[in-house]
Every structure is written in structure tokens, then in C-alpha cells.
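FYI, side chains are in, hydrogens and waters are out, and symmetry mates aren't considered; it's all heavy atoms of this structure.
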Amino acid sequence: MDSENNDTIRIENYVFEKYIEDKEIDSLVDILAGKVTKDYQDKKPVFIVVLSGAFIFAADFLRKISFDHDICFVKVKSYEGMKSTGKLDIQLPIDIDVSERYLIILEDIVDSGNTLYNFKKYLEQLKPYTVEIVSLFHKPDALERELRVAYVGRSLPTEFVIGYGLDYNGKGRHLKHLYKLVVD
């Protein structure tokens, strides 16, 4: 992989160009944390961090939350390469009791919505008060399911993106900026 000092990087046979700078991403995280704080500061919610992609967003977001809350990590998967498989695979399940709690899913990006749609249905069976979604990025034109995302940092077109936790086959998560795929 090429250095992030350039405006483009190469991962395997793909070229990606810088799309959203880290300063703008940090501003989006600030805004989202402010909105969630306003709505949940007296409710002691459970933040559910979806691994692996949301770990960078969640770390930055949760450092901006100063009210009482719990955190748990889950690993759900429905992507291979650049395509959704359409199947939900819960590889690391919730490890705390979430019944009669306010659940807030922290996600890096909502794309097709298939993963979150099925994961939200799974969570609703655990009898929480509510299940809401906070997503740093959202591709509304790519949605294949009816899915309400309560808090969105920024909507994106359907281009494939990496960086700030998002990856291509496990590569590129560490990049501080967001990059989009250059299509020939």
C-alpha cells in the first residue's frame, strides 16, 4: 500500500483518491456526539460498537460522551471484498443484558442496510426500550432495506470508500482520511 502522504493510494490493484479529510471527519464526530448527548444523557444507554469497521469512529465518538453509559462490542459480517453477501453472521455476540435498556448501535457506514436491518431485528428480540443507529457515513441510494438511521454524520454517493475504519479486504482501515475508489 502506498503512503497516505499523497492524494492517492494504491491497495492491491485498486487506486483510491482522497475524498474527505480527517478534520471534516472529526467535525462530523463532534456533531454526532453532541446530538446523542442531548437525547440520551439521562438514559444510561448501551453503545453497541460494530467491529471491525466502527472501532475508530467509536473510539473518537465515545471519548466525547461524558454521561453514564455502557459499551459492548459485536462483530457482525455480511461483506466479502466490495460486495454484500446478504447473510448476517454474528461472530461476536452481545455479552451484557440489554433488556429494558436504550441501545445505540455505532456503525461506520450504512450501505445496503442488510447487515444492520437483520442485526437490529436480532436486538429487538432482546427486549430493549429502543434500538437506534448512529452512522458516521450513509449511502441512502444503496439501501436495499427499509432502515431508519437516527443519526448520520454525512451522506455519500454509492462509491466504494476506505479509511477511518473502512477497508478493502482488511486493508486501509488505519488511514486517517476517507478515500474513494478511482474507476477507470
Side-chain angles (χ1 to χ4, degrees), residues 20-79 88-140 143 145-156 161-167 170 173-178:
I20 301 175
E21 300 234 357
D22 60 334
K23 289 178 178 73
E24 182 178 346
I25 293 170
D26 189 54
S27 176
L28 295 172
V29 175
D30 280 341
I31 291 167
L32 288 170
K35 289 178 180 178
V36 171
T37 295
K38 180 178 176 248
D39 293 345
Y40 285 91
Q41 62 188 341
D42 298 325
K43 297 180 178 171
K44 194 181 178 190
V46 177
F47 289 103
I48 300 172
V49 181
V50 180
L51 298 174
S52 292
F55 81 100
I56 292 175
F57 165 55
D60 290 347
F61 176 91
L62 291 167
R63 281 192 296 262
K64 298 173 188 299
I65 300 296
S66 60
F67 58 86
D68 196 17
H69 62 276
D70 290 316
I71 303 168
C72 72
F73 298 89
V74 298
K75 187 163 187 166
V76 295
K77 183 179 177 184
S78 71
Y79 264 77
L88 181 67
D89 179 13
I90 300 176
Q91 299 173 333
L92 178 64
I94 290 177
D95 61 354
I96 63 173
D97 182 8
V98 296
S99 65
E100 299 182 2
R101 298 288 304 272
Y102 296 94
L103 307 184
I104 302 173
I105 302 169
L106 297 180
E107 183 62 283
D108 53 355
I109 192 165
V110 176
D111 198 324
S112 70
N114 289 324
T115 303
L116 276 181
Y117 176 85
N118 291 317
F119 183 57
K120 187 175 179 191
K121 284 180 74 159
Y122 163 78
L123 289 175
E124 288 168 345
Q125 294 172 0
L126 302 176
K127 309 261 189 269
Y129 289 134
T130 61
V131 179
E132 296 293 356
I133 299 167
V134 176
S135 185
L136 182 58
F137 300 113
H138 181 24
K139 296 181 184 176
L143 275 179
R145 300 279 191 148
E146 187 78 27
L147 183 69
R148 183 174 106 60
V149 182
Y151 305 89
V152 175
R154 180 171 165 177
S155 292
L156 302 176
V161 292
I162 62 166
Y164 198 75
L166 296 153
D167 72 301
R173 288 189 197 283
H174 69 287
L175 299 168
K176 67 181 180 178
H177 307 294
L178 196 70

Checklist entry - Checking side chain to side chain contact (heavy atoms under 4.5 Å, CB included) for the pair Val76/Tyr122: CA distance, chi angles, key distance, verdict? => result CA-CA 11 Å; Val76 295; Tyr122 163 78; over 6 Å; no

Item to check | Within-4.5 Å side-chain heavy-atom neighbours: Arg145 and Leu116 | outcome: no

Item to check | Side chain proximity check, Leu178 to Leu156, heavy atoms < 4.5 angstrom | outcome: yes

Item to check | Heavy-atom check, side chain of Ile109 versus side chain of Leu136, under 4.5 Å | outcome: no

Checklist entry - Going from OG on Ser27 to CG on Leu32, what distance comes out if it is rounded to the nearest 0.5 angstrom? => result 9.5 Å

Which atom pairs, one a donor and one an acceptor, fall under 3.5 Å between side chains of residues 63-72 and the rest of the protein, sequence neighbours left out?
{"residue": "Arg63", "atom": "NH2", "partner": "Asp60", "partner atom": "OD1", "Å": "2.4"}
{"residue": "Lys64", "atom": "NZ", "partner": "Asp30", "partner atom": "OD1", "Å": "2.6"}
{"residue": "His69", "atom": "ND1", "partner": "Phe67", "partner atom": "O", "Å": "2.7"}
{"residue": "Asp70", "atom": "OD2", "partner": "Arg101", "partner atom": "NH1", "Å": "3.1"}
{"residue": "Asp70", "atom": "OD2", "partner": "Arg101", "partner atom": "NH2", "Å": "2.8"}

Checklist entry - Do the side chains of Val49 and Leu62 get nearer than 4.5 Å, heavy atoms only? => result yes

Checklist entry - Which atoms form the tightest heavy-atom contact between Phe55 and Arg173, and what is the distance? => result CE2-CD, 4.1 Å

Checklist outcome for this item: Between Val149 and Val152 the two heavy atoms that sit nearest each other are CG1-CG2, 3.5 Å

Going by atom type alone, with no hydrogens or angles, which donor-acceptor pairs under 3.5 Å involve a side-chain atom of residues 35-47 and a protein atom two or more places apart or on another chain?
{"residue": "Thr37", "atom": "OG1", "partner": "Ala33", "partner atom": "O", "Å": "2.8"}
{"residue": "Asp39", "atom": "OD2", "partner": "Tyr151", "partner atom": "OH", "Å": "2.6"}

If you look only at distance, which donor and acceptor atoms sit under 3.5 Å apart when one is on a side chain in residues 123-135 and the other is two or more places apart or in another chain?
{"residue": "Glu132", "atom": "OE1", "partner": "Arg148", "partner atom": "NH2", "Å": "2.9"}
{"residue": "Glu132", "atom": "OE2", "partner": "Arg148", "partner atom": "NH2", "Å": "3.1"}
{"residue": "Ser135", "atom": "OG", "partner": "Val110", "partner atom": "N", "Å": "3.4"}
{"residue": "Ser135", "atom": "OG", "partner": "Phe137", "partner atom": "O", "Å": "2.5"}

Checklist entry - Would you call Phe57 and Val29 a side-chain contact if the rule is heavy atoms closer than 4.5 Å? => result yes

Next on the checklist: Is there a side-chain contact between His138 and Leu143 in this structure, where contact means two heavy atoms from C-beta onward sitting under 4.5 Å apart?
Outcome noted: yes

Checklist entry - Measuring from Lys120:NZ to Ile105:CD1, what's the distance to the nearest 0.5 Å? => result 7.0 Å

Item to check | Nearest-0.5 Å distance, CG of residue Asp167 to NE2 of residue His174 | outcome: 11.5 Å

Next on the checklist: I'd like to know if the side chain of Asp26 reaches the main chain of Asp22, judged simply by a donor and an acceptor atom lying under 3.5 Å from each other, with no hydrogens or angles considered.
Outcome noted: no

